[in-house]
Amino acid sequence: MKKYIISLILISSFCRGFSQIVQDTTIKLDLLKAPSSAGANLLGFANSDIDKPSDISAFMVSLQSATASLSRLPTNYAIDIAPYWLFSKRTDFTTAGLSSKIKGDIFKQTFALSFAIRNPDSTNKDFNINNTYGAIGFKFSLLRGEYNDKTKISLNEIGSIQKRINHKTMNELQNFIKSDTVLKRMSAEREQMLIKKFGGDDEQAKKDSTYYLIDSLINKLQAKILKNSPLDDLAEIQEKASTLKLNRIGWSWDVAGGVSGEFINKRFDNAKVFNAGLWTTIGYTGKAGGSLLLLIRYLYNPNKIFALDDAINKKTDNISTLDIGGRYVYSNVNSKFTCSVETIYRSVLLPSTIPSSWRLILNTDYAIWENQKLTFSFGRNFDGLTSKDGNLVAALGILVGLGNNR
Amino acid sequence: MEEKQSLNTIYVLKDTNNSVTLEINIGIPGQTSMTSILIDGDGSGDEINGNFPETIIGTSDTLDGKILFITSTVTDTSRDSNFTELIIRLKGGRNAKRFPLSKTVNEEGQSVPYIAVIKFIKIPKI
């Protein structure tokens with residue numbers, strides 16, 4: 001670790017000639033991240049206002065409620081759907097399936113569509129109340145890292161307990177089916193009814209009250225086995241599963257995009273593009289604690305222009321912006337040294353009268369003791385001024401001398 | 001939707017010697033499951049982590065009169081929902097059948113044991 005401290009001192013000495021300006025932390029790299037629902041977010045819907053049905057019946061309920069039982073177009077409505085989950089279910093979406101490295105599986109498991117329609121009222125200042133707005137968006141992943149070791153171990157432990165529960169339940173179930181005389185008698189009666197009375201037509205048989213009653217009793221009787229589920233195993237599994245986090249390592253690549261249209265005077269034959277966006281995020285998380293993130297964002301007619309310090313876009317010009325950001329973070333639980341480099345480039349492609357700008361910041365810190373850190377940051381702000389911040393010089397002179405090593 | 005963790009039913013096979021397939025799907029995205037499948041025998045059966053893809057389990061002739069036992073434990077590891085489901089699909093018999101079982105747990109990380117017993121029968125020609 002000595003070499004890290006010496007490096008910090010050298011960097012500090014090198015920078016001593018620059019003026020001490022506190023770095024601008026108001027603009028975060030996370031601004032460039034893709035929204036979770038691209039279509040809905042282009043029309044200003046909050047995430048809490050977006051319907052996310054988890055099954056086909058919830059999807060139908062959502063649709064019927066928004067369209068007054070399919071009798072009219074929705075007025076203000078946003079929905080996210082995962083088509084491969086909702087309509088196919090052939091793809092494995094469990095934690096086992098989500099560990100797949102097959103590109104087709106990754107795409108199907110992450111592909112989501114976002115739809116939104118907005119008929120603004122007078123409170124929506126960003127929209128024309130005479131017009132209707134509609135948007136469609138998508139997102140998917142092309143690459144996904146594998147679970148890290150901790151996640152794999154936790155999933156294996158959960159799997160082992162699940163096997164134990166299944167083993168006990170299977171033994172009990174088999175014994176019950178083969179030895180319970182009441183169940184055996186009712187099962188034989190149900191089978192004979194199905195064969196002799198209904199010729200094997202079980203749909204018809206279920207409409208018969210006697211058959212339905214016997215079938216219900218058999219199912220109720222069998223369900224009692226579940227009351228004997230091993231409570232200690234269930235408690236053990238909950239302890240592990242409630243804190244499980246699916247952390248991954250390796251490369252990831254996510255893509256999202258969306259476009260919205262403005263229908264003038266609510267006429268569908270008179271429309272223009274209102275705004276649009278395309279986002280991509282490439283990341284790498286290493287085993288040793290290093291992680292890399294690269295974000296690229298293209299926006300057409302955004303609400304705010306990033307290159308103008310997020311100034312409101314008056315939408316008189318058709319503005320296109322391209323913003324790029326990158327971050328490398330080194331952080332390891334076994335190391336006292338952490339370091340990050342972050343850069344943002346922001347530009348307006350059209351019109352080209354607005355200048356582009358960039359920022360580059362290096363942040364480092366070294367934990368001397370649990371509650372004391374040497375910190376140092378150095379970089380260039382969007383306005384071209386150099387910034388330097390931290391307690392490195394003071395720390396070497398004062399904190400080490402006065403601090404205690406609690 | 002009615003919550004149901006247990007199923008006991010009959011699956012009617014075709015007169016012809018058709019192949020019969022079984023498929024088991026676990027939901028919702030992000031849950032963790034282990035499923036044990038056994039056709040008339042001793043032991044605990046094969047343990048399947050996640051979905052059980054559509055697989056031939058026998059023919060009308062070989063399955064006639066046999067019982068399919070399924071026990072599955074679905075653990076709530078999804079941070080988006082506490083809903084768990086297990087859907088059993090059988091094909092190749094007189095009709096394709098879909099048997100959905102589901103339960104929503106009260107607390108994060110809880111598990112739901114599911115059990116199913118399905119008897120295969122071939123209706124003799126009259």
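Lettering of chains follows the sequences in order, A, B, ..., and the numbering in each one begins at 1. This is a predicted model, so every value here is computed, not measured.
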Taking C-beta and beyond as the side chain, do Lys168(A) and Thr71(B) meet within less than 4.5 Å on heavy atoms?
no
Asn166(A) CG to Leu38(B) CG distance, which is reported to the nearest 0.5 Å:
12.0 Å
To the nearest 0.5 Å, what is the distance between OG (Ser242(A)) and CD (Gln110(B))?
9.5 Å
Looking only at Leu183(A), Ile158(A), Asp202(A), most heavy-atom pairs under 4.5 Å shared with chain B are made by Asp202(A)
Start with the C-alpha gap between Thr95(A) and Thr32(B), add the side-chain angles, then the distance that decides, and say whether side chain to side chain donor-acceptor pair (under 3.5 Å) holds.
CA-CA 5 Å; Thr95(A) 48; Thr32(B) 301; 2.7 Å; yes
Could you check which of Thr77(B), Asp76(B), Asp80(B) has the highest count of heavy-atom pairs closer than 4.5 Å to chain A?
Thr77(B)
Residue part contacting chain A, namely of Ile121(B), when any heavy atom lies under 4.5 Å
side chain
I need the residue from Lys119(B), Gln31(B), Lys122(B), Glu107(B) with the largest number of non-hydrogen atom pairs under 4.5 Å to chain A.
Gln31(B)
Working to the nearest 0.5 angstrom, can you tell me the gap between Asn49(B) CG and Asp92(A) CG?
8.0 Å
Check each atom of Asp215(A) against the heavy atoms of chain B and say whether the ones under 4.5 Å are side chain, backbone, both or neither.
side chain
Using a 4.5 Å cut-off on heavy atoms from C-beta on, say whether the side chain of Lys163(A) contacts that of Thr73(B).
no
Under 4.5 Å between any side-chain heavy atoms of Ile28(B) and Trp85(A), yes or no?
yes
Most heavy-atom pairs under 4.5 angstrom with chain A, which of Arg79(B), Arg94(B), Lys4(B)?
Arg79(B)
Please list, chain by chain and in numerical order, all residues satisfying ring pair (Phe, Tyr, Trp, His ring centres under 6.0 Å) with Phe59(A), sequence neighbours excluded.
Phe87(A)
Please classify the contact between Glu239(A) and chain B as side chain, backbone, both or neither, with a heavy-atom cut-off of under 4.5 Å.
neither
Enter the distance from Ser111(B):OG to Lys240(A):NZ here, rounded to the nearest 0.5 Å.
12.5 Å
Checking Gln222(A) against Ser6(B): is there a side-chain donor and acceptor pair closer than 3.5 Å?
yes
Got more than 12 heavy atoms from elsewhere within 6.0 Å of CD1, Ile56(B)?
no
Whether over 12 other heavy atoms sit under 6.0 Å from Lys245(A) NZ:
no
Would you mind checking which part of Leu221(A) comes under 4.5 Å of any heavy atom in chain B, side chain (CB onward), backbone (N, CA, C, O), both or neither?
neither
May I ask you to name which of Ile177(A), Ile161(A), Leu194(A) has the most heavy-atom pairs under 4.5 Å with chain B?
Ile177(A)
Charged N to carboxylate O under 4.0 angstrom, Glu203(A) versus Lys97(B)?
yes
Does any backbone or side-chain atom of Val117(B) lie under 4.5 Å from a heavy atom of chain A? Answer side chain, backbone, both or neither.
both
Assess, by modelled atom type and distance only, whether the side chains of Thr75(B) and Gln162(A) contain a donor and an acceptor separated by less than 3.5 Å.
yes
Give the member of Gly200(A), Ser229(A), Ala235(A) that has the highest number of heavy-atom pairs under 4.5 Å with chain B.
Gly200(A)
Inter-residue atom distance Phe69(B).CZ - Thr169(A).OG1, 0.5 Å rounding
13.0 Å
Straight-line distance of Ile10(B) CD1 to Ile218(A) CD1, nearest 0.5 Å:
7.0 Å
Under 4.5 Å from a heavy atom of chain A, the part of Ile70(B) involved
backbone
So which residue, Leu226(A), Leu244(A), Leu234(A), ends up with the most heavy-atom pairs under 4.5 Å with chain B?
Leu226(A)
Heavy-atom distance under 4.5 Å to chain A: side chain of Thr35(B), backbone, both or neither?
backbone
Given heavy-atom pairs under 4.5 angstrom as the criterion, report whether the side chain, backbone, both or neither of Gln5(B) touches chain A.
both
Looking at side-chain heavy atoms only, is the closest gap between Asn8(B) and Arg190(A) below 4.5 Å?
yes
A quick test of your reading: do over 12 heavy atoms of other residues, nucleotides or ligands sit less than 6.0 Å from CG of Leu70(A)?
yes
I'd like to verify something: which residue of Ile237(A), Leu98(A), Asp233(A), Ile165(A) has the highest number of heavy-atom pairs under 4.5 Å with chain B?
Ile237(A)
